[in-house]
Amino acid sequence: MGTKTQKKKTPLNFYRHSEVLQIGKDLLGQTLFTRFDGKLTGGMIIETESYMGAEDKACHAYGNRKTQRTRVMFENGGVAYVYLCYGIHHLFNIVTHKAGIPHAILVRAISPTHGIETMLKRRKKTKLSPSLTNGPGTVTQALGIHTRHSGVSLISDQIWLEKGLEINPDHILCSPRIGVAYAEEHALLPWRFHLADRHKNWFENNSSIT
DNA sequence: TTCCCGATTTACT
DNA sequence: GTAAATCGGGAAA
């Protein structure tokens, strides 16, 4: 199964041969897919945050802190890192760089494109609105991603990416990351990336974003 | 083993 | 706008 999407999957070298800030931007416009229980869901990535491993105080792997939870960040790029936040929310990250370098990128928002009925059901909603997938916790709930998926390969048939829109760099906004005030001098680094005029295009024809 | 607290969301007022 | 909900990770003991 999946022969049609198979060849379109974003390849592992995409995650391993660029720098985490660049990949954070390059993820914008790509489509993130999941297929659980035969249900395909997906959406275009419109907001990310990069976490630069050992040197980044906001990163779980700061100082090469290696625990059962962060272990997956040290794997070769192209796997999922999913952890629980505030005891409630499962947050999905993409591990990048080579094995031993714990870089990762948090996916903060997507614009729903595939399996919207399924996502509405998972979110216990009846109507399409921005809140379906406009935050890191809502994205994972809509896509069915759980901490049990931490470590899953991004060329698997469960979670993967596909190339989407080419984004004009002028349309990428950079700002400080959310909720990392504790990271001291690293708290204000502009490592959050999102598409300009995203609200205008949220559920509309995405081709107008380029 | 205990304790503190957070890459947040939602439901209120 | 403000606050409650909720629980696993990590550090200390």
Side-chain angles (χ1 to χ4, degrees), chain A residues 15 20-21 23-25 27-28 30 32 34 41 43 45-75 77 79-97 101-112 119-152 154 159 161 172-195 198-199 202:
Chain A
Y15 305 104
V20 70
L21 298 181
I23 300 175
K25 297 178 210 172
L27 285 171
L28 299 177
Q30 294 203 38
L32 171 62
T34 64
T41 50
I45 297 173
I46 57 176
E47 182 177 348
T48 63
E49 278 178 6
S50 292
Y51 288 83
M52 202 180 289
E55 318 129 58
D56 180 2
K57 287 189 178 178
C59 183
H60 290 163
Y62 174 62
N64 280 318
R65 181 169 54 193
K66 199 171 190 175
T67 65
Q68 186 161 17
R69 180 177 67 152
T70 63
R71 197 186 65 246
V72 64
M73 295 180 80
F74 291 82
E75 291 185 18
V79 297
Y81 168 49
V82 188
Y83 70 92
L84 192 66
C85 183
Y86 293 99
I88 305 172
H89 309 290
H90 301 250
L91 302 206
F92 171 73
N93 301 253
I94 291 171
V95 175
T96 70
H97 216 291
I101 309 292
H103 290 185
I105 299 164
L106 172 67
V107 174
R108 294 190 54 87
I110 65 176
S111 175
M119 294 197 282
L120 286 170
K121 204 169 174 183
R122 286 175 179 153
R123 295 274 296 124
K124 297 180 169 57
K125 289 177 159 294
T126 55
K127 201 163 142 238
L128 190 54
S129 74
S131 64
L132 182 66
T133 53
N134 68 346
T138 60
V139 165
T140 56
Q141 189 176 24
L143 293 175
I145 295 174
H146 186 275
T147 51
R148 82 173 74 88
H149 299 119
S150 200
V152 168
L154 298 182
I159 310 174
L161 272 70
I172 297 176
L173 302 181
C174 306
S175 57
R177 295 172 291 183
I178 306 295
V180 295
Y182 60 89
E184 303 173 2
E185 74 271 26
H186 296 160
L188 295 179
L189 294 170
W191 290 355
R192 173 187 178 213
F193 309 108
H194 61 273
L195 293 180
R198 64 184 225 183
H199 294 295
W202 195 274

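Within every chain, numbering begins at 1; the chains are lettered A, B, ... in the order of the sequence lines, protein sequences first and strands thereafter. Every value quoted in this text rests on a predicted model; they were computed, and no experiment measured them.
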Between OH of Y182(A) and C1' of dT8(B) the distance, given in whole Å, is 13 Å
With a 4.0 Å cut-off on heavy atoms, is R108(A) in touch with a base, just the backbone sugar-phosphate, or nothing at all?
sugar-phosphate
Carboxylate-amine/guanidinium proximity below 4.0 Å for R177(A) and E49(A)
no
Write down the distance between CD1 (I145(A)) and P (dT8(B)), rounded to a whole number of angstrom.
16 Å
In whole Å, I'd like the distance from the CG atom of L84(A) to the C1' atom of dC5(B).
13 Å
So, does T67(A) get its side chain near the phosphate of dG10(C), meaning an N or O under 4.0 Å from OP1 or OP2?
yes
Under 4.0 Å: is that the gap between some side-chain N or O of R123(A) and OP1 or OP2 of dT9(B)?
no
Taking CD from E49(A) and C1' from dG6(B), how many angstroms apart are they, rounded to a whole number?
14 Å
Side chain to side chain contact (heavy atoms under 4.5 Å, CB included) between T140(A) and H146(A), intermediate numbers included
CA-CA 7 Å; T140(A) 56; H146(A) 186 275; over 6 Å; no
Starting at atom OH of Y62(A), determine the distance to atom C1' of dG6(B), rounded to an integer number of angstrom.
18 Å
Once you round it to whole Å, what is the distance between C1' of dA11(B) and CD1 of I88(A)?
12 Å
Y81(A) versus H60(A), side-chain donor and acceptor atoms under 3.5 Å
yes
Quick one: which of dT8(B), dG6(B), dT10(B) gets closest to the side chain of I178(A)?
dT8(B)
Heavy atoms under 4.0 Å, any strand shown: does F92(A) hit a base, just sugar-phosphate, or nothing?
nothing
Separation of atom NE2 in H60(A) from atom C1' in dG6(B), rounded to whole Å:
8 Å
Distance check needed: dG9(C) P versus H89(A) NE2, whole Å only.
16 Å
Just by distance, no angles: are the side chains of Q141(A) and R122(A) close enough, under 3.5 Å, to form a donor-acceptor pair?
no
If you compare every side-chain N and O of R69(A) against the phosphate oxygens of dG10(C) (OP1, OP2), does one of them come in below 4.0 Å?
yes
For dT6(C), which nucleotide is its Watson-Crick or G-U wobble mate, given both distances must be under 3.5 Å?
none
Quick one: CE on M52(A) to CG on L21(A), what's the gap to the nearest 0.5 Å?
3.5 Å
With respect to the phosphate group of dG9(C), does any side-chain polar atom (N or O) of R65(A) fall under 4.0 Å of OP1 or OP2?
no
Across the strands shown, which category fits T147(A) at heavy-atom distances under 4.0 angstrom: base, sugar-phosphate, nothing?
nothing
